[in-house]
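I have placed the structure first, in the form of structure tokens, so that the comments after it can refer back to it.
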Amino acid sequence: MSAPPRVLTVAGSDSGGGAGIQADLKTMLAFGVHGMSVLTAVTAQNSLGVQGAWELPGEAVRAQYRSVVDDIGVQAVKTGMLASTELVETVAELIGGTDAPVVVDPVGVSKHGDSLLAEDALDSLRTKLLPVATVATPNLDEVAQLTGVRVESEDGMRRAAAALLSYGPQWALIKGGHLVGDAVDFLTDGSEEHWLRAPRLDNRHTHGTGCTLASAIASGLAKGRSVPEAVAAAKEYVTGAIAAGFALGGGIGPVDHAWRWAAGRRA
Ligand SMILES: Nc1ncnc2c1ncn2[C@@H]1O[C@H](COP(=O)(O)OP(=O)(O)OP(=O)(O)O)[C@@H](O)[C@H]1O
Ligand SMILES: Cc1ncc(CO)c(N)n1
């Protein structure tokens with residue numbers, strides 16, 4: 001039996017299992033790739049928010065990355081919560097020496113507004129990590145923080161994408177999940193433009209949407225899909241996962257990573 005494509009997530013742990021490393025690995029399983037993880041931080045987190053966060057030393061991140069890449073190898077990398085300037089710079093350097101497509105989800109705050117990235121790390125994110133990204137996938141708050149462009153309309157998404165591309169990623173995917181109306185995302189490399197449109201689902205259980213989308217894109221890239229193809233398939237997957245999102249705990253529940261298998265699983 002031949003080995004499946006290998007995808008590495010470099011991200012934080014969400015103890016509640018809805019976002020972070022846990023969402024990434026579940027998404028990778030759903031896409032049929034072999035998921036691997038480099039942990040950057042541990043959060044005490046649930047449906048109500050983030051109760052605590054502890055980052056790992058740069059040395060621990062470096063060692064995990066080397067263990068995976070030097071022996072097993074990777075066909076795509078995804079980054080999520082990076083916590084601090086030191087970790088952003090460490091990860092950017094490691095990725096710079098890796099020959100694989102990279103999806104950068106520039107995680108800033110959780111859905112509850114809890115900070116997952118030190119404010120002083122934004123500059124390194126812009127100047128060190130974005131230049132090595134194949135695709136960067138900010139939501140509207142993150143793109144405003146990174147570029148200063150505040151998006152209030154679909155035209156604003158074009159301006160935000162252009163500003164983001166000036167830092168060097170090959171593609172910008174601006175997620176309009178926080179706009180009103182349809183859930184519209186905008187993908188561009190500065191010449192091609194793709195609008196990804198899905199109906200806005202009336203489901204508050206959306207914990208982990210961003211991590212899920214980025215990991216789904218990385219999984220597609222690892223299988224050799226083009227960026228527009230991988231993003232289109234990822235959008236379809238996250239939309240289905242949001243539609244099937246379920247209540248857990250007293251707050252915002254997770255999306256259902258297993259929605260395509262759900263009929264069999266729950267029978
Ligand atoms: N209510 C919704 N209905 C349909 N699609 C949605 C909805 N909310 C978000 N999306 C889609 O989910 C994907 C993730 O976007 P979102 O803006 O929620 O990311 P995020 O804020 O980074 O998520 P996270 O909570 O993981 O930080 C995008 O494709 C977006 O359009
Ligand atoms: C660990 C972690 N990474 C990313 C997110 C996305 O918001 C989260 N809530 N938690």
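Both ligands and their constituent atoms are indexed starting at 1 by order of listing.
Residue-ligand proximity: Pro199 is placed with a non-hydrogen atom under 4.0 Å from ligand 1. In this structure, Ala19 falls outside the shell of residues with a heavy atom less than 4.0 angstrom from ligand 1. Using 4.0 Å as the threshold, Cys211 has a heavy atom nearer than that to some atom of ligand 1. Contact analysis leaves Thr239 out of contact with ligand 1, as no non-hydrogen atom separation drops below 4.0 angstrom.
Proximity to Ala19 (heavy-atom distance under 4.0 Å) selects the following atoms of ligand 2: 5 (C), 8 (C), 9 (N). Remark: ligand 1 atoms within the under-4.0 Å shell around heavy atoms of Lys111 are 18 (O), 23 (O), 24 (P), 25 (O). Numbered from 1 in the order shown, with element, the atoms of ligand 1 that lie under 4.0 Å from a heavy atom of Arg200 read 1 (N), 2 (C), 3 (N). Distances below 4.0 Å separate heavy atoms of Ser13 from the following atoms of ligand 2: 1 (C). Atoms of ligand 2 lying under 4.0 Å from at least one heavy atom of Cys211, given by number and element, are 4 (C), 5 (C), 6 (C).
A salt bridge does not link Asp141 with Lys175: none of the charged nitrogens is closer than 4.0 Å to a carboxylate oxygen. Using a cutoff of 4.0 Å between basic side-chain nitrogens and carboxylate oxygens, Lys128 and Glu93 are not scored as salt-bridged.
Considering only non-hydrogen protein atoms, atom 10 (N) of ligand 2 sits nearest to Gln45 NE2, 3.2 Å. Given atom 3 (N) of ligand 2, the protein heavy atom at minimum distance is Gly20 CA, 3.6 Å. Nearest protein heavy-atom contact of atom 7 (O) of ligand 2 is Ser110 CA, 3.6 Å. Nearest to atom 5 (C) of ligand 2 among the protein's heavy atoms is Leu116 CD1, 3.7 Å.
The two residues Leu179 and Arg200 make their nearest non-hydrogen contact at O-NH2, 2.7 Å. The shortest heavy-atom contact between Asp105 and Ala214 is CB-CB, 3.9 Å. Across all non-hydrogen atoms, the minimal contact from Thr188 to Ala161 is CG2-CB, 3.6 Å.
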(request) Would you sort out whether Lys223 and Glu229 count as a salt bridge (charged side-chain N to carboxylate O under 4.0 Å, His left out), showing the intermediate values? (result) CA-CA 11 Å; Lys223 291 178 178 176; Glu229 284 167 352; over 6 Å; no
(request) Might you work through the salt bridge (charged side-chain N to carboxylate O under 4.0 Å, His left out) test for Glu236 and Arg260, ending with a clear yes or no? (result) CA-CA 11 Å; Glu236 204 183 308; Arg260 283 190 166 130; 3.6 Å; yes
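When the options Leu201, Val238, Ile252 are ranked by their closest heavy atom to atom 13 (C) of ligand 1, first place goes to Val238.
Screening Ile217, Leu196, Thr137 for a side chain to side chain contact (heavy atoms under 4.5 Å, CB included) involving Leu187 leaves a single residue, Leu196.
A donor atom on one side chain and an acceptor atom on the other are not found under 3.5 Å apart for Asp155 and Ser153.
Under the ring pair (Phe, Tyr, Trp, His ring centres under 6.0 Å) criterion, Trp195 pairs with Phe186, not counting sequence neighbours.
Ring geometry for His257 against Tyr237 counts as tilted: the plane angle lies between 30° and 60°, on a 0 to 90° scale.
Neither the backbone nor the side chain of His207 has a heavy atom within less than 4.0 Å of ligand 1. Contacts of Ile242 with ligand 1, taken as heavy-atom pairs under 4.0 Å, involve the side chain alone. At a 4.0 Å heavy-atom cut-off, ligand 1 touches Thr209 through backbone and side chain alike.
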